[in-house]
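Accompanying notes for the structure given below.
Each chain gets a letter, A, B and so on, in the order the sequences are listed, and its residues count up from 1. All values below were derived from every heavy atom in this structure, side-chain atoms included, with hydrogens, water molecules and symmetry-related copies excluded.
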Amino acid sequence: MSEYNPSKIEESIQKIWRDEERFKSVPDKREKFYCLSMFPYPSGKLHMGHVRNYTIGDVISRYKKMKGFNVFQPMGWDAFGLPAENAAIANNVSPSEWTKQNIEHMKGQLNSLGLGYDWSKELRTCEPTYYKWEQLLFKKFHEKGLVYKKKSFVNWDPKDETVLANEQVIDGKGWRSGAQVEIKEIDQWFIKITDYADELLDSLDGLDWPENVKTMQRNWIGKSNGAHIKFKLEHSNDYLTIFSTRPDTVFGASFLAISPQHEISIKLGESDSDIRSFLIKCKEVKAAEADMAKAEKLGIETGLNVIHPLTGDKIPLWIGNFVLLDYGTGVVMGVPGHDQRDFEFASKYNLDIKQVIDGKSDELPLLEKGKLLNSGKYNGLESEDAIAKIIEELKESNLGEGLVQFRLRDWGVSRQRYWGCPIPVLYNDGIPSLVDESELPVELPELPMGSGPIPLSQNNEFINSKEGYKRETDTFDTFMDSSWYYARFPSADNNDQAFDKNSNYWLPVDLYIGGIEHAILHLLYSRFFHKALRDIGLVNGDEPFKKLLTQGMVLKDGAKMSKSKGNTVDPQAYIDKYGADTVRLYMMFTSPPEQSLEWSESSVEGSSRFLKKLWHLINGRKYKIIDEPQSLNKNQKDLRRKAHTSILKIMNDYETRHSFNTAIAAIMELFNSIPESFKRDNPSEAEIFCLNETIIFILKAIHPIAPHVSEYLWNNFTDGSLGRIDSSWPFADKTLMEAESFQLVIQVNGKVRGKVEIEKTLSQEEIESTAKAVENIKANIENQTIRKVIYIKEKIINFVI
RNA sequence: GGGGAUGUGGUGGAACUGGUAGACACGCUUGGCUUAGAACCAAGUGCCGCAAGGCGUGGGGGUUCGACUCCCUCCAUCCCUACCA
């Protein structure tokens with residue numbers, strides 16, 4: 001008998017798939033299923049996270065195909081981005097060459113895993129055939145009024161004279177130069193995602209997405225009701241406007257704080273050296289929100305006052321490093337009595353702390369709402385009431401108004417990098433205009449000979465390549481590239497249109513699978529893109545991804561696998577050693593998709609062992625057509641019951657729960673439940689019938705996960721008599737699932753004291769007396785009054801004494 | 001700082017709707033096969049205890065006949081935080 005040889009089998013089966021073009025998808029009459037896994041950044045090698053992500057997608061795609069769906073599963077490359085520039089500097093290769101080589105290698109790896117992609121629709125975001133359309137979409141967004149330019153902040157490395165990504169700033173220093181990084185303001189392109197804030201929020205409700213992701217998006221969008229309140233600057237005609245969700249606490253305002261980048265701060269810095277040095281200090285904070293929040297809250301008095309709009313009191317104006325110019329109005333009202341952060345700030349700088357809300361305790365800060373006090377004529381009113389009345393008064397005196405504010409900010413899409421999609425803009429005397437459609441794409445130029453990846457701003461040939469104009473030198477944020485690729489896939493081979501009838505047929509994506517780390521940004525940008533494309537008339541429907549599955553990370557020794565930690569495991573070594581089927585089986589078996597997965601070497605061995613056992617049971621055996629036997633003995637009935645209940649459970653696990661680990665456990669259980677006698681050389685006809693049925697069920701059930709070995713065994717077992725393995729899913733016959741008895745668990749006061757097998761024909765009284773008669777139960781309830789009997793049908797009986 | 005998760009044997013995990021905690025595996029122990037090992041096969045394996053029994057799902061408290069599951073509270077770890085992708 002031949003041994004299980006994964007590499008030989010996998011190669012031969014993959015050849016059949018290639019020759020048949022098994023995974024090429026075209027529209028037809030079946031129900032469609034567009035299954036998409038987040039495309040990878042071509043970093044060079046597949047990592048475990050990819051293997052997991054793509055195996056999940058492939059398992060579901062193959063399962064859906066067996067269930068009769070027309071499945072489309074494409075794959076492509078998120079090919080622009082920072083790592084290519086880093087590699088270019090480190091290895092002196094061009095980003096495009098490096099990227100191309102990585103793609104070739106990774107594509108081979110994906111194929112060796114047996115992933116069923118329709119490569120006829122492959123796309124690469126770094127190719128002009130892709131980004132030409134991205135440039136056109138940007139132009140359409142511009143025509144719709146969704147694009148504008150404004151100043152905003154970046155991490156600036158003064159030594160290298162480059163803009164740094166957040167991850168390139170380490171402890172406030174540039175990663176390469178080591179220079180102190182500064183916040184710098186530059187002019188950049190923005191897209192008005194906030195125009196869609198309400199819709200992005202509201203249409204979350206109808207999505208079949210995990211609740212936690214929807215919650216994260218809701219909180220990110222952050223719709224809040226509040227008010228703008230104007231404070232007049234003393235000795236001036238200017239006003240400062242703040243936004244507050246708690247106008248009921250306005251009488252507790254004891255300071256106002258402005259951002260260090262606010263024009264007043266900058267003006268004061270010019271004449272006051274203390275303020276100047278404070279502002280310089282504030283520049284030394286990384287632009288990332290987490291870093292700003294962690295930084296110590298610092299402030300400096302401006303010496304200016306503002307006038308409280310309701311009391312007329314003078315209130316000091318401060319500059320605070322925690323105030324973001326980009327967010328809200330760039331001015332904050334400090335109410336130390338009722339806000340944690342304001343309280344800490346006021347305590348530190350000895351500012352007034354007033355209580356204006358009556359709470360259960362008098363300990364400040366008091367964060368909850370309640371009755372107002374120390375608030376003039378509003379004393380005694382409940383917060384909600386007071387909010388309405390205060391807004392009314394402010395409105396009458398033109399010093400404020402109620403309004404809804406979003407936390408969501410517009411999307412800055414400018415990057416000062418080489419390896420990205422050029423923003424298609426021309427400047428004539430500094431006036432920008434979008435490049436004409438007939439002149440698209442604006443191609444990214446090759447790098448000058450011998451140069452590293454210099455930004456386009458240093459490439460004069462590019463800048464001046466259209467006479468009379470200067471070209472825009474910013475490139476797009478790579479989130480732009482990945483925000484619409486899902487819609488391009490079905491039309492990826494069409495160079496005349498961004499989206500053709502294929503996109504219309506396949507969209508929306510029925511299941512989108514990817515890492516939880518994309519829960520907010522990528523998924524929100526894509527949702528925005530879809531809505532904007534819809535309004536331009538390019539796609540149908542309101543949402544791009546009907547259902548979402550977010551997978552957890554792959555860990556080693558409790559930590560995320562990363563190069564810097566040196567704890568990476570190269571999947572290729574395992575594919576080479578055990579074969580793709582084992583790696584896929586291991587990945588699916590060891591943890592449910594949404595949880596993180598701890599890599600363990602020895603468990604891989606276990607998955608391989610199961611496939612070997614499967615091989616030894618089935619290889620060499622031949623399927624024989626036998627009529628369904630008239631009567632079966634207990635063993636035979638039990639096996640059939642197990643087979644049919646298992647198939648039903650596995651179906652539910654694949655389809656509804658996406659719980660592949662329990663599906664595999666059920667397959668293993670079914671395998672283990674085959675009586676030894678059925679496998680002998682001379683079984684009875686009835687035994688052969690039951691065994692054949694079980695083998696068919698097991699091969700079909702494991703096929704989405706271990707497609708090579710199952711198809712190979714299937715072909716040899718059936719000799720083509722039952723069609724291709726992926727042509728159908730087994731029928732689970734409910735009439736075969738019924739058992740004649742069940743095990744009843746007997747509890748006394750909620751503790752398990754015994755178990756007994758009960759015939760289903762028994763009445764509840766009979767069950768109760770049978771339970772009471774069980775040896776250990778008798779002892780437990782003797783001489784006791786049974787106060788209550790709780791019977792849960794065919795499960796449990798509990799005697800309460 | 002804010003937002004979202006997770007926590008169950010030596011290990012990965014199961015328990016789907018409040019109803020037998022530990023399915024299915026890994027590992028380990030013992031035995032078989034073997035000159036030996038690997039592989040394979042069989043039995044055992046939550047903890048304490050000779051046993052009867054008791055304890056047990058991150059800690060503490062609560063609801064319930066019954067809690068891994070619901071509520072309160074605390075702790076630990078991970079992810080995101082708008083220029084990593």
Sugar-phosphate, base or nothing in reach of Val154(A), heavy atoms under 4.0 Å: base
Which nucleotide in A85(B), C80(B), U20(B) has an atom nearest any side-chain atom of Lys755(A): U20(B)
Check: Phe610(A) ring centroid to Phe671(A) ring centroid under 6.0 Å: yes
Sugar-phosphate, base or nothing in reach of Glu669(A), heavy atoms under 4.0 Å: sugar-phosphate
Touch class at under 4.0 angstrom, heavy-atom based, for Ala295(A) against every strand present: nothing
Contact under 4.0 Å: Arg657(A) side-chain N or O vs A15(B) OP1/OP2: yes
Sugar-phosphate, base or nothing in reach of His518(A), heavy atoms under 4.0 Å: base
Closest listed nucleotide, where the reference is the side chain of Val745(A) and the choices are C84(B), C79(B), U20(B): U20(B)
Atom C1', compared across U20(B) and C65(B): separation rounded to whole Å: 16 Å
Spatial distance of atom CZ (Arg407(A)) from atom CZ (Arg409(A)) [nearest 0.5 Å]: 7.5 Å
Paired nucleotide for U45(B) [Watson-Crick or G-U wobble; both distances under 3.5 Å]: G27(B)
Nearest-Å distance for atom pair CZ/P, residues Arg527(A) and A82(B): 20 Å
Sugar-phosphate, base or nothing in reach of Met38(A), heavy atoms under 4.0 Å: nothing
Whole-angstrom distance between A43(B) and A23(B), as gauged at atom P: 15 Å
Touch class at under 4.0 angstrom, heavy-atom based, for Ser659(A) against every strand present: nothing
Any Thr662(A) side-chain N or O less than 4.0 Å from OP1/OP2 of A14(B): no
Lys/Arg cation over aromatic Phe190(A): Lys150(A), 6.0 Å, 45° cone: yes
Pairwise 5' ranking along RNA chain B for Asn661(A) and Ile790(A), keeping only the more 5' one: Asn661(A)
Donor/acceptor link under 3.5 angstrom from Asn798(A) side chain onto base of C65(B): yes
Contact under 4.0 Å: Arg409(A) side-chain N or O vs A82(B) OP1/OP2: no
Touch class at under 4.0 angstrom, heavy-atom based, for Pro592(A) against every strand present: sugar-phosphate
Phe39(A) ring center within less than 6.0 Å of Tyr485(A) ring center: yes
Phosphate-side-chain proximity, Lys751(A) and C55(B), N/O vs OP1/OP2 below 4.0 Å: yes
Along RNA chain B (nearest heavy atom to each residue), the more 5'-positioned of Leu597(A) and Arg417(A): Leu597(A)
Side-chain donor/acceptor contact of Gln416(A) with base of C83(B) under 3.5 Å: yes
Whole-Å P distance, U11(B) and G59(B): 15 Å
Touch class at under 4.0 angstrom, heavy-atom based, for Phe589(A) against every strand present: base
A25(B) to U35(B) separation - C1' atoms, rounded to the nearest Å: 33 Å
Pairwise P distance, U77(B) and U8(B) [rounded to whole Å]: 15 Å
Residue matched to C33(B) through Watson-Crick or wobble contacts both under 3.5 angstrom: none
Ion pair check, Lys214(A) and Glu211(A), cut-off under 4.0 Å: yes
Value rounded to 0.5 Å, distance of SG in Cys421(A) from CG in Asp474(A): 12.0 Å
G9(B), syn or anti by chi within 90 degrees of zero: syn
Under 3.5 Å donor-acceptor pair, Glu289(A) side-chain atoms to C80(B) base atoms: no
Nucleotide forming a Watson-Crick or wobble pair with A5(B), both distances under 3.5 Å: U77(B)
Aromatic Phe322(A) / basic Lys348(A) pairing, under 6.0 angstrom, 45° off normal: no
Sugar-phosphate only, base, or nothing, as touched by Ile792(A) at under 4.0 Å among non-hydrogen atoms: base
From C65(B), G13(B), C83(B), nucleotide with atom closest to Lys788(A) side chain: C65(B)
Span that lies between the P atom of A67(B) and that of U30(B), in whole angstrom: 39 Å
G53(B) phosphate, OP1 or OP2, under 4.0 Å from Arg753(A) side-chain N/O: no
Span that lies between the C1' atom of G62(B) and that of C47(B), in whole angstrom: 27 Å
Phosphate OP1/OP2 of C79(B): any Asn212(A) side-chain N/O under 4.0 Å: no
From OG1 (Thr662(A)) to CD1 (Ile650(A)), nearest 0.5 Å: 9.0 Å
Nearest listed nucleotide, side chain of Asn166(A), among C40(B), A82(B), G4(B): A82(B)
Interatomic distance where CG belongs to Asp339(A) and C1' belongs to G1(B) [whole Å]: 12 Å
Short side-chain N/O contact from Asn672(A) to OP1 or OP2 of C24(B), under 4.0 Å: no
Touch class at under 4.0 angstrom, heavy-atom based, for Phe479(A) against every strand present: base
Sugar-phosphate only, base, or nothing, as touched by Lys649(A) at under 4.0 Å among non-hydrogen atoms: base
Polar side-chain contact Gln743(A)-U20(B) base: donor and acceptor under 3.5 Å: yes
Touch class at under 4.0 angstrom, heavy-atom based, for Trp220(A) against every strand present: base
Gap in Å between the two P atoms, one belonging to A21(B) and one to U57(B), rounded: 12 Å
Sugar-phosphate, base or nothing in reach of Gln168(A), heavy atoms under 4.0 Å: nothing
Residues, nucleotides or ligands: over 12 heavy atoms within 6.0 Å of Arg787(A) CZ: no
Phosphate contact (G2(B) OP1 or OP2) by Arg341(A) side-chain N/O below 4.0 Å: no
Sugar-phosphate only, base, or nothing, as touched by Arg407(A) at under 4.0 Å among non-hydrogen atoms: base
